[in-house]
Enquirer: 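Before anything else, here's the structure in question.
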Amino acid sequence: MMDWQGQKRAETLMQILLVVFAVAALGIGYTLASFQTMMLIYAGGVVLTALITVPNWPFFNRHHLKWLDPSEAEKHPKPQVNVPTTTKKKSSKNKQ
Amino acid sequence: MHSFGYRANAVVTFAVTILAVTCAMVSLSDNFNSPSPTADVKVLNINWFQKQPNGNDEVSLTLNISADLSSLFTWNTKQVFVFVAAEYETPQNALNQGNNLRGKDYNMTLHWHIMPKTGKMFADKIVMTGYYLPQDYK
């Protein structure tokens, strides 16, 4: 499980890692004049990025959600809904 | 990035999109290459030169082809397809049809197609002039 902050971190990390690996692969492959080297570097980078950003690592669950404290909730009661049967009772009393 | 499956899908999709962009850049890098091939085609022998039943002439040649095509290859080259064509004009046709070709002059053209690993294919040729068919059929 990841918290909201963790999810944002995972997404940003994934985008940055993939772009960095692609640029590095392109640069190294072009310099070494090897298409295969470029593809291998990029493939390795994709696998590494998936390992880092896809599973629910504890690192992505550090900013826990703050639920409302129960004592604080009691101070603010739920609003009451008006019940129609109370008006009927009043009219029968007036007749008597 | 809500669940494991959501994030896995996001990684794969983004990775493939970036791969497409990278391949486009690789293909663009081929434009920086300015090839300078050399070629020499010698006609060693004219084996026969006949008139065919359908009216066209037929020639069989033995050639000695030497070429240096190493400048065509880049890191993005899968293979280079090379062929030699003989080209000539007649009063009726601009290219390569006709009969009565005795004594005709023709060009030998070395064509190449550079097939890439990814992206655009380049094709070009060298035209060599100064070849002549014999005056008589044989």
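Basis for what follows: all heavy atoms, side chains included, without hydrogens, waters or symmetry-related copies. Proteins get letters first, then strands, A, B, ... in listed order; numbering begins at 1 in each.
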Enquirer: Does a side chain donor of either B/Asn76 or B/Thr74 reach within less than 3.5 Å of an acceptor in the other side chain?
Expert: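 The answer is no; no qualifying pair exists.
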Enquirer: Enumerate by number any residue of residues 19-29 of chain B whose heavy atoms lie under 4.5 Å from heavy atoms of chain A; in the absence of such residues, state 'none'.
Expert: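 So the qualifying residues are B/Leu19, B/Thr22, B/Met25, B/Val26, B/Ser29.
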Enquirer: Check each atom of A/Val19 against the heavy atoms of chain B and say whether the ones under 4.5 Å are side chain, backbone, both or neither.
Expert: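 Its backbone and side chain both get close to chain B.
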Enquirer: Does any backbone or side-chain atom of A/Phe35 lie under 4.5 Å from a heavy atom of chain B? Answer side chain, backbone, both or neither.
Expert: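 Both the backbone and the side chain of A/Phe35 come within 4.5 Å of chain B.
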Enquirer: Checking A/Phe21 against chain B: side chain, backbone, both or neither under 4.5 Å from a heavy atom?
Expert: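 Contact with chain B is absent: no heavy atom of A/Phe21 under 4.5 Å.
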Enquirer: Keeping the roles fixed (side chain from B/Lys117, backbone from B/Trp75), state whether a donor-acceptor pair exists under 3.5 Å.
Expert: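 Checked: pair present.
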Enquirer: Which heavy-atom pair separates B/Val43 from B/Tyr106 by the least distance, and what is that distance?
Expert: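 So the two residues come closest at CG2-OH, 3.8 Å.
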Enquirer: If you count heavy-atom pairs within less than 4.5 Å of chain B, which of A/Ala22, A/Ala25, A/Ala33 leads?
Expert: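 Looking at each option in turn, the highest pair count goes to A/Ala33.
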Enquirer: Looking at A/Trp4 and A/Leu65, would you say the former's side chain and the latter's main chain have a donor-acceptor pair under 3.5 Å?
Expert: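 Absent.
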Enquirer: Would you say the side chains of B/Arg7 and B/Asn9 form a donor-acceptor pair under 3.5 Å?
Expert: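 Short answer, no.
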Enquirer: If you measure from the Lys or Arg side-chain nitrogens to the Asp or Glu carboxylate oxygens, is any gap between B/Lys138 and B/Asp136 under 4.0 Å?
Expert: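 Looking at B/Asp136 together with B/Lys138, the answer is no, because their closest N to O distance does not fall below 4.0 Å.
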Enquirer: Can B/Ser60 and B/Asn47 be counted as having a side-chain donor-acceptor contact under 3.5 angstrom?
Expert: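 Side-chain D/A pair, B/Ser60 to B/Asn47: present.
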Enquirer: If I measure from the heavy atoms of chain B, does A/Gln36 come under 4.5 Å with its side chain, its backbone, both, or neither?
Expert: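 Nothing of A/Gln36, per the 4.5 Å heavy-atom cut-off to chain B.
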Enquirer: Enter the distance from B/Glu89:CD to B/Glu87:CD here, rounded to the nearest 0.5 Å.
Expert: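 It comes to 10.0 Å.
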